[in-house]
Amino acid sequence: MTGAEITGDISDWQVDNRAKKDNHIKTSKYNVFTFLPINLFEQFQRVANAYFVVLLILQIIPEISSLSWFTTIVPLVLVLAITAVKDATDDYFRHKSDQQVNNRQSQVLIRGSLQNEKWMNVRVGDIIKLENNQFVAADILLLCSSEPYGLCYIETADLDGETNLKVRQALTITSDLGDITKLMDFDGEVICEPPNNKLDKFTGTLFWRDNKYPLDNEKMLLRGCVLRNTEWCFGLVIFAGLQTKLMQNCGKTSFKRTSIDKLMNTLVLWIFAFLICMGVILAIGNTIWESQIGRNFQVFLPWNEFQRSAVFSGFLTFWSYIIILNTVVPISLYVSVEVLRLGHSYFINWDRKMYYSQTDTAAEARTTTLNEELGQVEFIFSDKTGTLTQNIMVFSKCSINGKTFGDIYNEYDQKVEITEKTACVDFSFNPLCDRRFKFYDSNLVEAIKLEDLAVQEFFRLLALCHTVMPEEKSEGNLVYQAQSPDEGALVTAARNFGFVFRARTPETITLCEMGRAVTYQLLAILDFNNVRKRMSVIVRNPEGQIKLYSKGADTIIFDRLDPSNEDLMYTTSEHLNEFAGEGLRTLALAYKDLDEDDFDVWMKKLLFASTVIENREEQLAVLYEEIEQGLKLLGATAIEDKLQEGVPETIACLSLADIKIWVLTGDKLETAMNIGYSCNMLRDDMNEVFVISSHTVQEVQQQLRSAKEHILGLSRVSSTGDVEKTNMFAVDSVFEETIIAEYALVINGHSLAHALEPQLEHVLLDLACLCKTVICCRVTPLQKAQVVELVKRHKGAVTLAIGDGANDVSMIKTAHIGVGISGQEGMQAVLASDYSFAQFRYLQRLLLVHGRWSYFRMCNFLCYFFYKNFAFTLVHFWYGFFCGFSAQTVYDQWFITLFNIVYTSLPVLAMGLFDQDVNDQNSLRYPCLYKPGQQNLLFNKRQFFLCTLQGIGTSFLLFFIPYGAFSVMVKEDGSHFSDQQTFAVTIATSLVIVVSVQGFGELITSGKNMRMNTVPSVSSPGRTPHSSTWIENVLKRKNEVSCANDESTGGPENSDIAEQTPKQQHTD
Amino acid sequence: MVKEEQELANRPDNTAFTQQRLPAWQPMLSAGIVIPGFVIIGLAFIGIGVALFVTSHSIQVLELDYTGVENTEPCYRCSDPSSKNCVCTLEFSIDSLFEGPVFFYYGLTNYFQNYRKYGASRDDNQLSGDLDYFKSPGNDCAPYQYNSNNKPIVPCGAIANSMFNDTFKLYQIIRGSKKLVPFDGKGIAWWTDYNIKYRNPSVTPLKNAFNDTVKPLFWSKPAYELDPTDPANNGFINQDFLVWMRRAALPDFRKLYRRITEGDYAKGLPAGNYSLEIAYNYPVMSFDGRKKVVLSNVSWMGGKNEFLGIAYLVIGSLCVVMSIVMLIVYAKFKFPEED
């Protein structure tokens, strides 16, 4: 039994469970009393905060305390307070919205009358009444509504972001319960699945009057929906409060971390080890000092009673030094990083150049923690439909009964290109036509007017087989609410050609066929999903014939055709290839006449299967498969989906930045390749385009291997001549980068499934990395995620997935960075994404400008921050040698407390927020400026060492120059001047000056390496560099860095590159 | 119009800040700027360095170690800790006029006034004259907080307790007779210490404030008797006390003892023989410390300090050398994009 959450007679239920299952929701985390303990507990779970508490505890022990407690507590309290205030405001708003939601009114049927109740008092098992434009209070089972057949319409914008109306229908048996007395007598029993977060699935069964009725998602109104176009409806509360699907979906999404984050954590551990080393050195020093000097100095400074030995003193000193040297890892590092990332996110949100005025959509950084990763992307996985293309579907061609329509020919039988000026077909014969629809081939209209049966049947199918909702705002003014733009385009086409879809009820579909109203009885809908890739309807026409109309992917439909259709199939298939070659999206259409008796038998099986709770889906799929056999082909449709503006340019620009773009699409091979050509991803001058489309593992393996050997073999000959065969595989990774020739790989879903198996995935990956372009077609959403995962796992590269539809969600969530295009296909992709904007071309700006800046700024910031704090802290280390290793601080305690917060915060913030080494135009003009980020050049372990070394050097100078000066320092009035306080203030002042000058110096010279005319630009990619600036060095070096540079980013092979990067080293 | 604005409701503001177009200055560090810049900085530093070095050389310093480690030294007998109220005399001569004003310092080496626990061992509230802390000195003062009879020590703590208590008298020997060189002990402490940080309790006579307290263990007389002749130099605002309480940064230090600015010696110490009479009280032998007196005059740059001049010279020369290296590099590999 899957679950029995709602069992028992409903009237009993109300009594038994009234206390437990109310509709009260609580999204807030705290109340007034629990706020402090819970919030503090949460905050101290962060390693950094916990670390500082440990330090604080150390400081409270008087024998160890080398610094007053306030040096740690001030920044800590500041950080805790800011976070707490933020959490508190967030929670306050949650409280407010909770309260507002909980106090919304709804009408509940209590003891025979409708009473107003607050939402929070609605219980599971209650029957509630909803009115038009009201929010649904809980997950309810629709019982009846004001509309015929128990229909009602809902908008699910709050749930999944889709704004089109969706229809829900009550069970026929309950749809006439429309008045209160009947409802009072309703005593059904519902058994359903346990609460879960699947918004589009529900399985349950209603037991009423000794009958079983299947329940599915089509009968459910979920909390968060809004009732539209429906005067009222009644529903039975199934899930309430926190058990509703909306609330179940409020779970936390997985937290993504950037590679710099990870590096930073490693470095902090290293620094910690370094800190312990210093502590040990100084503790040993203290032991020696105490036993040689301090022991004798007891005349003036006796040892404490408990301090019996020098070794014990050394032990205490160790902890004291841990306290004063802890500023090498200051708490403000974490805070500053967060502040910077937040700032960068706002800059993305504010960018007018990523604002799309047609839909009034600005770019949005939905995650604020990933910005610098945008500067390191190496792989982009892009969806095609709606991402590269506009996803505005236009019915452009069709093939009916072996004849194509859509192209226009001139008198010499030559194809004429369709332009703005080409004359459109006149649809004025049809009063219900959509004026925006354009079609150029008048032959089709002629065929319609001649009442060609095949053509009529073709459009009848298009008008019947879909899930579109019509909305007739006024007589003749039809608006279609379509969940997929393809369907909308097809139904609109049928409408213009005289088969107008006018109205739909759960049991009928009304068409206006050539001006004549015809009502079809809808017997079954065999709905679409990604596995079936087809949908069918079974209708009874006014003449009483039962017909099955089916439309779907051509391969799927062709597999289910009646053998007699073979000839037509070949012709149509040729046409389909032709359409696909032009980049059109194709569907095949077929129908079947059904026998009354056979249908009855099948229908019974269907009804039975749909009440099963376990494996309902599978059983239904089997039944659908059974009836969708022996179809008769009608023809095929071709829908045009235009490329978005600027897509080829963006792709060209991104590939100049060495970003590999892989297109993962559900389209067929030909369509995908065609789009590849129109996006400049595939070109005729490419050396070879490998197409992998086989059905068995062996074939796929064979094809992959031979393609790889082809590439390696050729380049080996062409580049080095005679390399021994034996190292062939050992040097593969080196060769990957030296291949000059351009290859492309196109692989289809079938082959991909095999290629993704463990034994082949390496071959696939190697081959794919050798190619400039990779296109995977016919892939399922899961495969998209698998491909991303493959690259992520084996390449160690930063991946970005971009898409617009629900089928891209898995890949968006898998990739390091997910980008959602807010377009035609709803909001699911955007809701799952980290960044969202309206047009694919903004990706260029997001990566090359914002990503690059963010990465650049963050790296400089980190280098500077580590430098600054090493310079600041290590002065204590040097001083240890002159103060008997007594953990005496050099600086004043307030200076230590405020150094990071006040004294040096401005240069850091200025640098981290505003610095632009290159302005945005040049960043876009010279995409190769992006490469240092991909190779991790600006902040890696080596850079870290350099800046800590610089810091150590600075601290050395900062200490020893005053040491030399102060050893015998006298003021000009003769008074002595070499006291501790003066010494401290002098060092502190020079520290602030040096560090600030260094910071601002780096800031104003940050563009020092960007000489305009030495960088190959987009406009002249083939230009040879003629001088050795940093960029050229990076470019040259690039050949030495292998593509398969998996784990070691800071290893020796990178050291040469880092040397070339400039670093201002004048600390004097 | 209104409708249009509504349609573009999400359009970001077009300001220099949001569009990241804030004005910026981006200097091109070309060879033409950097090389002369280095030369100028280098020359300036060399100039300063030479000035400092020459000035420092003209400052006269006379350093006399009187610890008495070797038995040939005059203070050898006093260095034995058991001898009380020992006075020893150090003879020295000056070849040429020691130009005035001359400053008289005492110096200690291997003495860790900067040791953390030593430095913390004081009670600032007590030293600012707060009587509450006279009765119960702060815990930092331990073990010089209370004496063995549990009476509070004022001033408490290790620093005060270890106050330097050797005293000096300088005589010029003129034809066999000793002529006292007058010392000026006014204003040798920091102004802020004297006027702000340290205060006597406002009780007259001062002695009453110290009722029920004891003097620091090492002291021979209580704080209110440090200079009974001058109330402005007594108690916590005694100049010698203030000088001592201002802790040295490094283990080898000197502190100002007196100025020689009066009488015949206002112009300086004339050439001749001098005799320094030392009341030797302060023990340093146990920790291998040294005591010395230093006579020095000053210039505009303060006391003698060769390090600063050398540091300036080194950095200045480095800049010049760097500029030459850059010039050679520039001349040899002149970048084509410079034109």
Side-chain angles (χ1 to χ4, degrees), chain A residues 62 66 293-294 296-297 299-302 304 320 346-347 349-353 355 357 360-362 853 879 882-884 886-889 914 916 920 961 963-984 1004-1008 1011 1013-1014 1026-1027 1068, chain B residues 7-14 18-20 22 24-29 101 103 105 110 112 114-119 121 143 158 161-162 188 190 243 246-256 259 283 286-288 296 298-305 307-308 311 315 318 335-337:
Chain A
S66 46
I293 299 171
N296 304 320
F297 196 62
V299 197
F300 297 118
L301 184 68
N304 295 333
S320 305
Y346 272 107
F347 280 131
N349 295 347
W350 285 334
D351 194 340
R352 277 165 84 97
K353 290 183 180 143
Y355 166 80
S357 56
D360 188 29
T361 321
W853 276 345
Y879 193 47
F882 300 92
C883 67
S886 60
Q888 170 67 46
T889 58
F914 303 123
Q916 301 180 2
D920 51 345
I961 290 180
Y963 172 78
F966 272 79
S967 55
V968 275
M969 176 72 106
V970 169
K971 259 204 284 198
E972 59 279 13
D973 67 352
S975 55
H976 69 287
F977 204 43
S978 51
D979 61 291
Q980 168 86 43
Q981 200 184 7
T982 320
F983 189 64
I1004 60 174
T1005 57
S1006 65
K1008 55 196 169 283
R1011 295 271 155 71
N1013 51 357
T1014 55
H1026 54 76
S1027 73
D1068 42 350
Chain B
E7 275 172 4
L8 302 178
N10 292 330
R11 187 190 201 117
D13 293 339
N14 187 13
T18 56
Q19 302 307 312
Q20 306 202 54
L22 288 176
W25 173 62
Q26 201 171 51
M28 274 293 161
L29 294 184
F103 298 90
Y105 302 88
N110 206 24
F112 286 82
N114 59 6
Y115 195 82
R116 175 166 58 87
K117 281 181 224 152
Y118 179 89
S121 181
N161 183 59
S162 61
I188 54 174
W190 277 42
V243 166
R246 183 156 276 276
R247 291 183 305 122
L250 298 166
D252 298 345
F253 60 89
R254 48 167 105 146
K255 286 174 185 275
L256 185 58
R259 290 196 178 92
S286 63
F287 56 92
D288 205 20
S296 169
V298 296
S299 71
W300 55 268
M301 60 163 280
K304 190 180 185 79
N305 187 336
F307 176 84
L308 270 183
I315 290 173
L318 274 180
F335 303 118
E337 75 266 19

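Lettering of chains follows the sequences in order, A, B, ..., and the numbering in each one begins at 1.
- Interface remark: A/Tyr963 contributes backbone and side-chain atoms alike to the contact with chain B (heavy atom separation under 4.5 Å).
- With a 4.5 angstrom heavy-atom cutoff, B/Ser121 does not touch chain A via any of its atoms.
- Ranked by heavy-atom pairs shorter than 4.5 Å toward chain B, the options A/Thr982, A/Ile293, A/Asp979 are led by A/Asp979.
- Shortest non-hydrogen contact noted between B/Arg116 and A/Ser886 is NE-O, 2.6 Å.
- Of the atoms belonging to B/Phe307, it is side-chain heavy atoms, and not backbone ones, that fall under 4.5 Å from chain A.
- Using a 4.5 Å cut-off between heavy atoms, B/Asn14 touches chain A through backbone and side chain atoms alike.
- Heavy-atom pairs under 4.5 Å with chain B were tallied for A/Ala362, A/Ser978, A/Ala984; the largest tally goes to A/Ser978.
- From B/Leu250, atom CG reaches atom CZ of A/Phe966 across 9.5 Å, with rounding to the nearest 0.5 Å.
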**Study point:** Test side chain to side chain donor-acceptor pair (under 3.5 Å) applied to B/Arg246 and A/Gln981, step by step
**Key:** CA-CA 8 Å; B/Arg246 183 156 276 276; A/Gln981 200 184 7; 2.8 Å; yes
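- Looking at A/Asp920, there are no atoms closer than 4.5 Å to chain B (heavy atoms on both sides), in backbone or side chain.
- Using a 4.5 Å cut-off between heavy atoms, B/Pro283 contacts chain A through both its backbone and its side chain.
- Under the 3.5 Å distance criterion, the side-chain polar atoms of B/Asn114 are left unmatched by any main-chain donor or acceptor of A/Gln980.
- Between the A/Tyr879 side chain and the B/Ala249 main chain, a donor and an acceptor come within less than 3.5 Å of each other.
- Only the side chain of A/Phe914 comes within contact range of chain B, with heavy atoms under 4.5 Å apart.
- Heavy-atom distances place no part of A/Thr889 under 4.5 Å from chain B, backbone and side chain included.
- Rounding to the nearest 0.5 angstrom, the gap separating the CZ atom in A/Phe297 from the CG atom in B/Asn110 is 8.5 Å.
- Put simply, of B/Phe103, B/Phe112, B/Trp190, the one with the most heavy-atom pairs under 4.5 Å next to chain A is B/Phe112.
- Every residue meeting the side chain to side chain donor-acceptor pair (under 3.5 Å) condition with B/Lys255, not counting sequence neighbours, appears here in chain and number order: B/Gln113.
- Between chain B and the residues A/Phe882, A/Phe347, A/Phe983, A/Trp853, the most heavy-atom pairs under 4.5 angstrom are made by A/Phe347.
- Other residues, nucleotides and ligands place no more than 12 heavy atoms under 6.0 Å from the OH atom of A/Tyr346.
- Comparing B/Ala248, B/Ala158, B/Gly119, B/Pro101 by heavy-atom pairs within less than 4.5 Å of chain A, the highest count is held by B/Ala248.
- Judged purely by atom type and a 3.5 angstrom limit, B/Asn10 has no side-chain atom pairing as donor or acceptor with the backbone of A/Thr361.
- Within the 4.5 angstrom heavy-atom criterion, no atom of B/Ala311 approaches chain A.
- Within the 4.5 angstrom heavy-atom criterion, only backbone atoms of B/Ile188 (N, CA, C, O) approach chain A.
- Between the OG atom of A/Ser320 and the NZ atom of B/Lys117 there is a distance of 7.5 Å, given to the nearest 0.5 Å.
- Interface remark: B/Gln20 contributes backbone and side-chain atoms alike to the contact with chain A (heavy atom separation under 4.5 Å).
- Residues A/Asp351 and B/Pro12 come closest through the heavy atom pair O-CG, 3.9 Å.
- The candidate with the highest count of non-hydrogen atom pairs below 4.5 Å against chain A, out of B/Ser299, B/Gly302, B/Ser296, is B/Gly302.
- The OG1 atom of B/Thr18 lies 11.0 Å from the CG atom of A/Asn349; values are rounded to the nearest 0.5 Å.
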